[in-house]
Protein chains: 2
Amino acid sequence: MLEEGYAAVSSRRVAAEAGVNVALVYYYFATMDELFLALFRRGAQRSLERQAIALSSPQPLWGLWDLTHHGSDPAVTMEFIALANHRKEIRAEIAEYSRKFRALQLEKLSAALEHYGVDPELWPASSIILMMAGISRFLLIEEAFELDTGHKETVELIERHITALEGPRQPGHVEFVSQHASMNF
Amino acid sequence: MLEEGYAAVSSRRVAAEAGVNVALVYYYFATMDELFLALFRRGAQRSLERQAIALSSPQPLWGLWDLTHHGSDPAVTMEFIALANHRKEIRAEIAEYSRKFRALQLEKLSAALEHYGVDPELWPASSIILMMAGISRFLLIEEAFELDTGHKETVELIERHITALEGPRQPGHVEFVSQHASMNF
DNA sequence: GTCTATACTTCGATAGAC
DNA sequence: GTCTATCGAAGTATAGAC
């Protein structure tokens with residue numbers, strides 16, 4: 001899926017990779033879409049758990065930022081988004097998980113931002129979350145194209161603002177986060 | 001390509017849509033990748049020209065924001081990014097066009113921002129461009145999933161800041177921009 | 001330019017033996 | 001649970017007539 005795209009994932013190749021027969025793939029997954037759904041659910045569930053840990057940090061802004069910026073693989077995310085654009089059921093599943101991700105982020109971060117004294121009228125938690133997600137995904141996608149115009153400046157800008165609220169990043173975040181790549185919804 | 005994804009674009013289906021024979025497709029395009037390259041170049045060139053117009057507005061920030069937020073189709077963009085993740089030549093072509101897009105944006109907007117008195121140390125033009133692009137793409141992708149948490153607040157936040165610099169949006173932008181969907185790189 | 005005809009590969013999915 | 005065997009459809013690409 002990562003190397004050649006979701007459309008290159010065929011029952012035959014899955015079977016070959018697993019060292020089993022094609023028919024066995026259909027024994028476990030009635031259609032290829034069900035296989036993709038199962039794959040997505042497993043990855044999304046793991047990412048959700050990692051996010052819960054990152055957000056429970058005493059520095060939840062750093063936690064979320066490091067998770068998306070250093071601990072997520074845009075290629076996986078992109079493949080599932082592309083797949084979802086053409087499969088209704090997968091789109092619905094991704095939407096459902098996205099809401100879970102977002103709800104958890106909102107809960108943890110709106111409390112933290114209030115505690116930091118950030119005016120929710122000027123800087124709503126939902127906007128800060130959305131902007132961080134959009135920017136970091138964009139940065140990662142551009143990196144894959146070997147584009148880096150403004151990347152350094154933007155990372156500095158964001159991290160300067162996080163530092164203003166939470167102080168310098170405490171060690172541990174990036175290490176935790178970069179152990180395995182997550183999805184980023 | 002939009003309905004079923006780039007992988008569903010086959011020589012046979014292209015031929016059928018065009019009402020010609022399969023072999024004729026290969027007469028014009030040696031491989032399917034060349035067809036995709038030609039398709040991308042045509043679209044990117046048009047988008048580049050539209051962007052030049054939008055940035056030549058007396059309100060270039062509004063111009064760029066409206067172009068990406070109301071005048072671009074994330075589905076086209078996503079398909080090409082997904083395709084590029086697996087085809088080296090297409091990735092290189094997209095990277096090249098992205099640099100052109102970005103260079104034009106930087107040229108027009110860094111002049112405008114300096115004129116508005118924005119401190120380039122705190123808010124570099126390259127960062128503002130990158131953030132606007134990332135956020136608007138994220139908003140549009142989420143819309144396709146019928147997700148809208150924080151969308152309204154974020155659009156208001158961004159447009160409030162643009163208004164602070166350029167005053168209220170003058171009519172004409174959105175109209176120009178929503179005539180045809182563009183790519184968004 | 002445009003076509004017919006064809007070679008060869010791979011696909012999703014199923015029936016039925018073990 | 002795991003396999004063999006098979007169906008019909010669709011893919012990329014090419015040779016060569018007109």
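A note on names: the letters A, B, ... follow the listed sequences, proteins ahead of strands, and every chain is numbered from 1.
- As a whole-Å value, the separation of B/M32 CE from D/dT14 P is 13 Å.
- B/E34 CD: more than 12 foreign heavy atoms inside a 6.0 Å radius.
- Remark: P of D/dA9 and CZ of B/R12 are 12 Å apart, rounded to the nearest angstrom.
- With salt bridges taken as basic N to acidic carboxylate O contacts below 4.0 Å, one links B/R169 and B/E159.
- Using a 4.0 Å cut-off between charged side-chain N and carboxylate O, A/R102 and A/E107 make no salt bridge.
- In summary, B/E156 and B/K152 engage in a salt bridge, as defined by a charged side-chain N under 4.0 Å from a carboxylate O.
- DNA chain C is contacted by both A/A8 and A/N21; A/A8 maps to the nucleotide lying nearer its 5′ end (nearest heavy atom per residue).
- Residue contacts for A/V22: at a heavy-atom cut-off of 4.0 Å it reaches no nucleic acid atom on any strand shown.
- The ring of B/F40 has its center closer than 6.0 angstrom to the ring center of B/Y97.
- The distance between atom CG of B/L35 and atom P of D/dA13, rounded to the nearest whole Å, is 11 Å.
- A straight line from CG of A/L24 to P of D/dT4 spans 11 Å, rounded to a whole angstrom.
- Looking at heavy-atom distances under 4.0 Å, A/V14 makes no contact with the nucleic acid at all.
- For B/W123 and A/H161, the ring centers are positioned less than 6.0 Å apart.
- A close approach under 4.0 Å does not occur between any side-chain nitrogen or oxygen of B/S10 and OP1 or OP2 of D/dA10.
- Contact annotation for B/Y28: backbone-only contact, meaning every heavy-atom pair under 4.0 Å involves sugar-phosphate atoms and none involves a base.
- Here D/dA9 presents its C1' atom at 13 Å from CZ of B/R13, a figure rounded to the nearest Å.
- Boundaries of the chain B contact region on DNA chain C are C/dG1 to C/dT4, first to last in 5' to 3' order (nucleotide atom under 4.0 Å from a heavy atom).
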